[in-house]
S.K.: 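Supplied in structure tokens, the structure appears directly below.
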Amino acid sequence: MNKELSSQYDSKQIEDNIYKLWEESGYFNPDNLPARHKKPFTIIMPPPNANGSLHIGHALFVTLEDIMIRYQRMQGRKALWLPGADHAGFETQVVYNKKLEKEGRSFWDMPREQLYNEIKDFTLANKKYMEGQLKKLGASCDWSREKFTLDESIKEVVNETFEKLYNDGLVYRAEKPVNWCTKHQTTLSDLEIKYEERADKLYYIKYKLANSEEYIEVATTRPETIPADIAIAVHPKSKWAKYIGKKVVNPLTKKEIPVLSDMAVDLNFGTGALKITPFHDAVDFAVWQNHKSEIDIQPFSVINQYGKMTEEAGPEMAGMKVKEAREKSVELLRPNFVKEPEDYKHQVSVCYKCGTIIEPRIMMQWFIRMTEKPHAQNQKSKIKNQNVEKSLRDLAVDAVKSKKIKFIPARFEKIFMHWMKNLHDWNISRQIVWGIQIPAWYCQDMANETCKKNNGVIVSVKNPEKCPHCGSANLKQETDVFDTWFSSGQWPYATLMTTKPGDFEKYYPTDVMETGWDILFFWVARMIMFGLYRTGKIPFKDVYLHGLVRDKERQKMSKSKNNVINPLEVAEVYGTDAVRMALIVGNTAGNDPIISEDKIRGYRNFATKIWNASRFVLMNYRTIDAKPKLTAKDKKNLKDLETAKKKIAKYLDKYDFNHAAETAYHYFWHTFADKVIEESKPRIRPENENLADAAAAQETLIKILEESMKFLHPFMPFITEQIYQILPTTKEKSLLMVEEW
RNA sequence: GCGCGCAUAGCUCAGUUGGUUAGAGCGCUGCAUUCACAUUGCAGAGGUCUCUGGUUCGAAUCCAGAUGCGCGCACCA
């Protein structure tokens with residue numbers, strides 16, 4: 001029967017069939033696993049952004065998680081791998097914006113609803129395509145529990161958390177400095193901006209005292225914002241201290257502005273005097289907040305949301321872009337220069353997507369308090385608050401400190417703590433259309449005192465229809481949507497609370513969160529905080545962080561560099577199993593793996609080796625009418641097998657996939673194929689008249705082959721399942737996937 | 001500025017609590033081949049483990065410093 005096996009392993013011919021075999025068995029769903037599978041083992045898949053197709057980085061996470069799931073399933077765990085997809089709000093909107101630009105359509109002129117629906121169609125199409133890709137990669141996840149971040153059930157959980165945070169005083173709406181991207185017309189969180197070094201000029205400007213030639217010297221990189229200066233702050237120990245309490249003249253508007261004393265001014269930088277422009281700088285905003293009583297001018301903006309100068313900037317600059325206005329202001333200010341401007345290199349914040357310089361603005365936005373305790377149990381909260389005594393930050397910090405949550409590799413614990421220490425309140429509102437609209441309504445009548453006290457704000461999981469305070473039906477919903485990470489940060493419990501009844505109780509807390517280190521703060525930290533806040537339990541026990549896949553030259557893969565490896569394309573050529581091995585061997589947790597086609601080719605050769613070794617054993621297989629008499633060497637070989645298998649299990653238990661895979665590879669090729677098989681050749685030939693010996697050799701070979709398929713299965717599921725299916729010892733309808741390890 | 005890493009064979013990396021001649025893959029050299037597999041086998045060359053000092057009977061491994069490189073965080077105008 002097996003004699004017609006071809007000498008080459010043809011992955012294309014078998015992979016789809018094998019996946020179908022697994023899928024039809026129903027075993028991806030842990031509920032269907034045989035009775036021996038008892039204790040749950042859960043991994044929630046990091047939902048890929050449904051705005052493109054899977055790249056090699058996705059293949060890495062799929063492989064790592066599938067290895068864990070398959071291994072644990074074989075070990076008798078009730079293994080659940082819950083798949084999903086992320087609408088990826090801002091990122092997807094950026095992608096769609098680009099797409100429209102290419103098509104010559106204007107993103108900004110489209111009605112909100114139309115835009116939303118178009119992006120929705122686009123996202124759902126991508127999602128469907130990605131599901132097919134996950135299957136190609138061999139992902140043994142439970143499709144019956146698949147979730148999408150915009151499922152109604154998920155939105156409800158997310159909104160409930162928001163309402164609870166609001167009632168607990170951890171969500172607030174305020175006018176505060178935020179990061180504004182003038183291209184994308186939205187605010188961004190502190191994590192969504194990056195810093196770039198820019199060569200600018202530092203201008204030294206005289207602010208003269210009223211009716212005097214005396215002046216204070218102020219250094220600034222942004223002379224165009226001078227019309228919005230409402231004060232000058234000096235350090236009390238600076239040489240300008242004698243002017244504290246006096247007034248100076250704004251060199252552009254000629255208005256008189258007060259001189260304040262503030263320790264926030266750095267004595268050792270610039271001139272020891274700082275111009276205070278609250279609406280265009282966060283530090284200045286803070287200074288203004290502390291000196292409100294001393295300043296009679298209300299702060300205002302001179303730059304609008306498009307990065308253009310407003311009327312308040314004065315007739316010479318109004319309407320100009322910031323860059324032009326800077327040149328203009330320099331021209332106007334020249335008489336007030338103390339000296340020629342100096343070249344100055346500094347870090348400026350830019351949008352992490354488009355690189356546009358972030359314009360700090362003061363805007364009414366929604367924020368989450370990260371470092372303060374919630375109010376005492378609020379009656380309004382339907383969800384009990386298990387953790388009233390701690391801030392979101394402390395919940396996470398304590399869980400990590402006490403080792404309830406462990407990082408692999410451990411060094412990320414320090415990085416995590418460092419970030420947590422510097423945590424600020426999180427702006428969660430975005431002025432984009434693609435996302436979950438914030439469940440807040442504004443009463444337009446504000447006909448009673450409670451309304452006024454709350455500024456007309458009503459936070460409610462579902463549309464309240466009427467103002468609960470004054471009964472007005474004249475409500476307007478907030479148009480801003482949540483930062484994507486606000487919803488994905490709730491993913492572990494939001495999914496399990498809404499799949500099947502009992503799932504949350506059974507599968508939460510999950511066992512492992514496996515994801516890239518680049519989203520440690522974006523995602524992992526938020527999941528820990530929200531998980532503890534909302535459920536009182538950690539969302540996962542271990543966090544395994546993988547690196548970013550790079551090419552041979554250590555470059556990050558990107559379309560523009562033309563070094564992208566499409567996992568599906570290479571899997572088509574070399575087989576999925578080869579791609580999976582190439583991603584695992586030589587790759588340790590937290591390090592950026594380097595992947596090249598050569599490496600993948602190497603593991604395709606390994607697949608061929610597995611195929612031919614198996615083929616050899618099967619081709620020579622015959623019924624021998626004798627009781628096998630194992631030699632000492634046979635016994636040693638079987639013992640070596642056990643040793644290798646134990647070693648692999650030990651490595652897998654420690655998340656050391658690299659060594660586990662290498663050990664499996666090495667044992668199979670250089671011990672089994674090169675030695676055991678070679679030595680067995682004369683013994684299994686029909687010429688061997690010692691039937692007991694022939695039977696012993698054959699039994700040893702079959703046994704090792706069968707066991708090898710088991711320990712190779714998590715890494716190379718397709719070829720191993722295929723061979724298992726044709727082994728003479730395999731029982732009808734049994735699957736390697738659920739075999740006992 | 002604060003913080004986290006890395007430095008081992010030509011290349012990419014392992015090296016788990018310090019303990020004989022420091023490992024793997026790829027690459028390289030030589031030989032073999034009608035045999036399950038040339039997508040192969042066997043053999044081999046190749047390393048002062050960045051430098052300096054310290055701890056120790058003993059250091060690639062622990063400590064301190066230097067040099068080089070990478071990265072994260074950050075409201076110095």
Side-chain angles (χ1 to χ4, degrees), chain A residues 2-3 5-9 177 179 190-191 193-195 200 202-205 218-223 225 232-233 264-277 280-287 344 346-347 349 360 409 411-424 517-518 520-521 547-548 550-554 574-575 578 581-582 585-588 590-596 598-599 601-620 650-651 654 656 658-659 661-663 665-666 669-670 673-675 677-678 681-682 685:
Chain A
N2 303 311
K3 300 233 159 89
L5 281 182
S6 84
S7 70
Q8 301 229 337
Y9 167 60
N179 309 305
D190 293 343
L191 285 176
I193 58 173
K194 52 180 189 179
Y195 292 90
D200 274 319
L202 192 56
Y203 302 92
Y204 293 88
I205 315 283
V218 173
T220 182
T221 53
R222 302 204 64 181
T225 64
I232 295 296
V265 183
D266 187 342
L267 255 181
N268 303 313
F269 186 86
T271 61
L274 185 62
K275 72 188 200 66
I276 301 304
T277 322
H280 296 296
D281 188 286
V283 177
D284 295 5
F285 185 82
V287 171
Y344 183 60
H346 64 153
Q347 306 278 321
S349 50
R411 72 183 139 91
F412 282 102
E413 190 184 311
K414 288 183 202 163
I415 296 171
F416 177 86
M417 289 299 184
H418 184 252
W419 185 72
M420 293 306 265
K421 216 174 114 190
N422 299 316
L423 206 52
H424 298 291
W517 58 256
D518 52 324
L520 177 62
F521 309 140
L548 271 54
R550 310 208 176 233
D551 73 3
K552 264 179 167 172
E553 272 77 48
R554 283 211 153 285
Y574 301 107
M581 277 299 269
V585 179
N587 173 17
T588 46
N591 289 342
D592 294 348
I594 286 160
I595 192 102
S596 63
D598 287 347
K599 191 172 180 188
R601 199 175 294 127
Y603 291 101
R604 186 270 321 267
N605 295 355
F606 180 50
T608 309
K609 182 54 110 173
I610 295 174
W611 188 251
N612 278 296
S614 309
R615 189 165 148 252
F616 173 82
V617 174
L618 295 170
M619 275 166 71
N620 289 288
K650 209 181 99 199
Y651 282 134
K654 291 195 312 189
D656 189 345
N658 169 30
H659 284 115
E662 207 178 275
T663 305
Y665 171 91
H666 211 263
W669 198 323
H670 302 297
D674 288 348
K675 301 209 170 72
I677 290 185
E678 285 307 320
K681 280 180 178 172
R685 295 249 160 69

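Below, read A as the first sequence line, B as the second, and so on, with proteins coming before strands; counting in each chain starts at 1. Model, not experiment: these values are computed from the prediction. Note that these values count all heavy atoms, side chains included, but never hydrogens, waters or copies made by symmetry.
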S.K.: Where the side chain of A:His418 is defined as all heavy atoms beyond and including C-beta, which of B:A77, B:A36, B:G3 is the nearest nucleotide?
M.R.: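 From the listed options, B:G3 comes nearest.
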S.K.: Under 6.0 Å between ring centres, would you say that holds for A:Tyr603 and A:Tyr665?
M.R.: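 Ring centroids of A:Tyr603 and A:Tyr665 are less than 6.0 Å from each other.
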S.K.: Taking atom C1' of B:A74 as reference, at what distance in whole Å does atom CG of A:Leu423 sit?
M.R.: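 Checked: the CG to C1' distance equals 13 Å.
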S.K.: Would one find a side-chain N or O of A:Asn605 under 4.0 angstrom from OP1 or OP2 of B:C37?
M.R.: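 So the side-chain polar atoms of A:Asn605 never come under 4.0 Å of the phosphate oxygens OP1 or OP2 of B:C37.
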S.K.: Figure out the CH2/C1' separation between A:Trp517 and B:G72, and round it to whole Å.
M.R.: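 The answer, rounded to whole Å, is 8 Å.
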S.K.: Which is true for A:Asp674 with a 4.0 Å heavy-atom rule: it touches a base, it touches only sugar-phosphate, or it touches nothing?
M.R.: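 Sugar-phosphate contact only - A:Asp674 comes under 4.0 Å of backbone atoms but never of a base.
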S.K.: Taking the P atom of each, how far is B:U50 from B:A9, in whole Å?
M.R.: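 Those two atoms are separated by 8 Å.
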S.K.: In whole Å, I'd like the distance from the CG atom of A:Leu191 to the P atom of B:C71.
M.R.: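 Nearest whole value for this atom pair: 18 Å.
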S.K.: Give A:Ser614 one of three labels, base, sugar-phosphate or nothing, depending on what nucleic acid heavy atoms sit under 4.0 Å from its own.
M.R.: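 Contact class for A:Ser614: none.
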S.K.: Which nucleotide, in any strand shown, forms a Watson-Crick or G-U wobble pair with B:C73, with both distances under 3.5 Å?
M.R.: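 Answer to the pairing question: B:G1, which forms a Watson-Crick or G-U pair with B:C73.
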S.K.: Choosing from B:A14, B:U16, B:A74, which nucleotide comes nearest the side chain of A:Asp190?
M.R.: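 Nucleotide nearest to A:Asp190's side chain: B:A74.
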S.K.: With distance as the sole criterion, do the side chain of A:Lys421 and the base of B:A74 form a donor-acceptor contact below 3.5 Å?
M.R.: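 By the distance-only test, no, there is no pair.
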S.K.: What nucleotide, of B:A77, B:A14, B:A74, holds the atom closest to the side chain of A:Phe269?
M.R.: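 Nearest to the side-chain atoms of A:Phe269, counting from C-beta on, is B:A77.
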S.K.: So, does A:Asn422 get its side chain near the phosphate of B:C75, meaning an N or O under 4.0 Å from OP1 or OP2?
M.R.: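 No, no such contact exists.
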S.K.: For A:Ala673, which contact category applies under a 4.0 Å heavy-atom criterion: base, sugar-phosphate, or nothing?
M.R.: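 Counting heavy atoms under 4.0 Å across all strands, the contact made by A:Ala673 includes a base.
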S.K.: Tell me whether the OP1 or OP2 atom of B:A14 has a side-chain N or O from A:Thr588 closer than 4.0 Å.
M.R.: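 Yes.
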S.K.: Using only modelled atom types and a 3.5 angstrom limit, is any donor from either the side chain of A:Lys609 or the base of B:U40 paired with an acceptor on the other?
M.R.: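 A donor-acceptor contact between them is absent.
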S.K.: P atom, B:U17 versus B:G54: distance in rounded Å?
M.R.: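 Here B:U17 and B:G54 have their P atoms 24 Å from each other.
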S.K.: Rounding to the closest angstrom, what is the interatomic distance between B:U48 and B:A59 at atom C1'?
M.R.: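 The same atom, C1', in both gives a distance of 15 Å.
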S.K.: Using a heavy-atom cut-off of 4.0 Å across all strands, would you classify A:Ile415 as base, sugar-phosphate, or nothing?
M.R.: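 Sugar-phosphate only.
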S.K.: Checking the side chain of A:Trp611 only, and the main-chain atoms of A:Ser6 only, is there a donor and an acceptor separated by less than 3.5 Å?
M.R.: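 Side chain of A:Trp611 to backbone of A:Ser6, a donor-acceptor pair under 3.5 Å: yes, one is there.
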S.K.: Is any side-chain heavy atom of A:Ser349 less than 4.5 Å from a side-chain heavy atom of A:Lys194?
M.R.: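 A:Ser349 does not reach A:Lys194 side chain to side chain.
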S.K.: Take the angle between the ring planes of A:His666 and A:His670 and call it parallel below 30°, perpendicular above 60°, tilted in between.
M.R.: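 Correct class here is tilted.
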S.K.: Where the side chain of A:Arg615 is defined as all heavy atoms beyond and including C-beta, which of B:C4, B:C37, B:A77 is the nearest nucleotide?
M.R.: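 Nearest listed nucleotide: B:C37.
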S.K.: Can you tell me how far CZ of A:Arg604 sits from CE of A:Met581, rounded to the nearest 0.5 angstrom?
M.R.: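 If I round to the nearest 0.5 Å, the distance is 14.5 Å.
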S.K.: Using the C1' atom as the reference point in each nucleotide, state the distance between B:G3 and B:U8 in Å, no decimals.
M.R.: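 My reading of the C1' atoms in B:G3 and B:U8 gives 27 Å.
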S.K.: Taking only the P atom of each, what is the distance from B:C49 to B:G10 in whole angstrom?
M.R.: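 My reading of the P atoms in B:C49 and B:G10 gives 13 Å.
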S.K.: Using heavy-atom distances to pick each residue's nearest nucleotide on RNA chain B, tell me which of A:Asn658 and A:Thr271 is more 5'.
M.R.: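 On the 5' side of the pair lies A:Asn658.
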S.K.: Without decimals, in angstroms, what is the distance between A:Glu678 CD and B:A36 P?
M.R.: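 Taking CD of A:Glu678 and P of B:A36, I get 9 Å after rounding.
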S.K.: Starting at atom NZ of A:Lys681, determine the distance to atom C1' of B:U40, rounded to an integer number of angstrom.
M.R.: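 That distance rounds to 10 Å.
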S.K.: For B:C63 and B:G25, measure between their C1' atoms and round to the nearest Å.
M.R.: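 Each nucleotide's C1' atom is 34 Å from the other's.
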S.K.: Could you please name the partner base of B:U48, counting Watson-Crick and G-U wobble pairs only when both distances are under 3.5 Å?
M.R.: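 Across all strands, not a single nucleotide pairs with B:U48.
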S.K.: Describe the nucleic acid contact of A:Ile677 in one word from base, sugar-phosphate, nothing, applying a heavy-atom distance below 4.0 Å.
M.R.: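 Answer is base: heavy atoms of A:Ile677 come under 4.0 Å of a base.
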S.K.: Under 4.0 angstrom, heavy atoms only, what part of the nucleic acid is A:Lys275 near: base, sugar-phosphate, or nothing?
M.R.: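 No contact.
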S.K.: Between A:Tyr195 and B:C75, is there a contact of a side-chain N or O with OP1 or OP2 at under 4.0 Å?
M.R.: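 The answer is yes; a side-chain N or O of A:Tyr195 sits under 4.0 Å from OP1 or OP2.
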S.K.: State, with a plain yes or no, whether a side-chain heavy atom of A:Tyr195 is found less than 4.5 Å away from one of A:Ile193.
M.R.: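 Yes, side chains in contact.
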S.K.: Write down the distance separating the P atoms in B:A14 and B:U21, rounded off to the nearest Å.
M.R.: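 About 25 Å, rounded to a whole number of Å.
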S.K.: Roughly how far, to the nearest 0.5 Å, is the CG atom of A:Leu548 from the CG atom of A:Asp518?
M.R.: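 So the CG of A:Asp518 and the CG of A:Leu548 are separated by 4.5 Å.
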S.K.: Hey, are A:Trp669 and A:Asn605 close enough side-chain-wise for a donor-acceptor pair under 3.5 Å?
M.R.: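 There is no such pair (donor and acceptor under 3.5 Å, judged by atom type) between the side chains of A:Asn605 and A:Trp669.
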S.K.: A:His346 has an atom NE2; how far is it from atom P of B:A77, in whole Å?
M.R.: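 Atom-to-atom, A:His346 to B:A77, this comes out as 6 Å.
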S.K.: If we call it a pair only when both distances are under 3.5 Å in a Watson-Crick or G-U wobble match, what pairs with B:C26?
M.R.: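 WC or wobble partner is B:G10.
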S.K.: Using the P atom as the reference point in each nucleotide, state the distance between B:C51 and B:C11 in Å, no decimals.
M.R.: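 Looking at atom P only, B:C51 and B:C11 are 16 Å apart.
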S.K.: Classify the nucleic acid contact of A:Val617 as base, sugar-phosphate or nothing, counting any heavy atom under 4.0 Å across all strands shown.
M.R.: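 It contacts nothing in the nucleic acid.
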S.K.: Counting the atoms with a prime plus P, OP1 and OP2 as sugar-phosphate, which does A:Phe285 contact under 4.0 Å by heavy atoms, base, sugar-phosphate, or nothing?
M.R.: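 Nothing: the residue A:Phe285, judged by heavy atoms under 4.0 Å, touches no strand.
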S.K.: In terms of side-chain heavy atoms, does A:His346 have a donor or acceptor partner in A:Asp200 at a distance below 3.5 Å?
M.R.: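 A:His346 vs A:Asp200: donor-acceptor pair found between side chains.
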S.K.: Once rounded to the nearest 0.5 Å, what's the spacing between atom NZ of A:Lys414 and atom CZ of A:Arg411?
M.R.: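 Nearest 0.5 Å value for the NZ-CZ distance: 10.0 Å.
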S.K.: I need a per-nucleotide contact map over nucleotides 22-31 of chain B, read 5' to 3'. Cutoff is protein heavy atoms under 4.0 Å; write B for the base, S for backbone only, - otherwise.
M.R.: ---S------
S.K.: Please determine, for B:U34, whether a Watson-Crick or G-U wobble partner exists with both distances under 3.5 Å, and give it or none.
M.R.: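 Checking every strand shown, B:U34 finds no partner, since no pair has both distances under 3.5 Å.
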S.K.: For B:C57, what is the paired nucleotide under Watson-Crick or G-U wobble rules, both distances under 3.5 Å?
M.R.: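 Here B:C57 is engaged in a pair, and the nucleotide opposite it is B:G19.
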S.K.: Could you check whether A:Asp656 gets within reach of a base, just the sugar-phosphate, or nothing at all, counting any heavy atom under 4.0 Å?
M.R.: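 The residue A:Asp656 makes no contact with any strand.
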S.K.: Regarding A:Tyr204, tell me which of base, sugar-phosphate or nothing describes its non-hydrogen contacts under 4.0 Å with the strands shown.
M.R.: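 It contacts nothing in the nucleic acid.
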S.K.: Is there a side-chain polar atom (N or O) of A:His424 under 4.0 Å from OP1 or OP2 of B:C75?
M.R.: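 Yes, within the criterion.
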S.K.: Tell me whether the NZ or CZ atom of A:Lys681 lies within the 45° cone about the ring axis of A:Phe616 and under 6.0 Å from its centre.
M.R.: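 Relative to the ring axis of A:Phe616, which defines the angle, A:Lys681 lies inside both limits.
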S.K.: Please tell me which of A:Asp266 and A:Lys654 maps to the more 5' nucleotide of RNA chain B, matching each residue to the nucleotide holding its nearest heavy atom.
M.R.: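 The residue mapped nearer the 5' terminus is A:Lys654.
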S.K.: How long is the line joining CH2 of A:Trp611 and P of B:A36, in whole Å?
M.R.: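 Rounded to whole Å, this separation is 17 Å.
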S.K.: Could you check how far NZ of A:Lys414 sits from P of B:C6, rounded to whole Å?
M.R.: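 Atom-to-atom, A:Lys414 to B:C6, this comes out as 9 Å.
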S.K.: Mind checking whether A:Phe521 and A:Ile415 have side chains closer than 4.5 Å, heavy atoms only?
M.R.: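 The answer is yes, as the side chains (C-beta and beyond) meet within the 4.5 Å cut-off.
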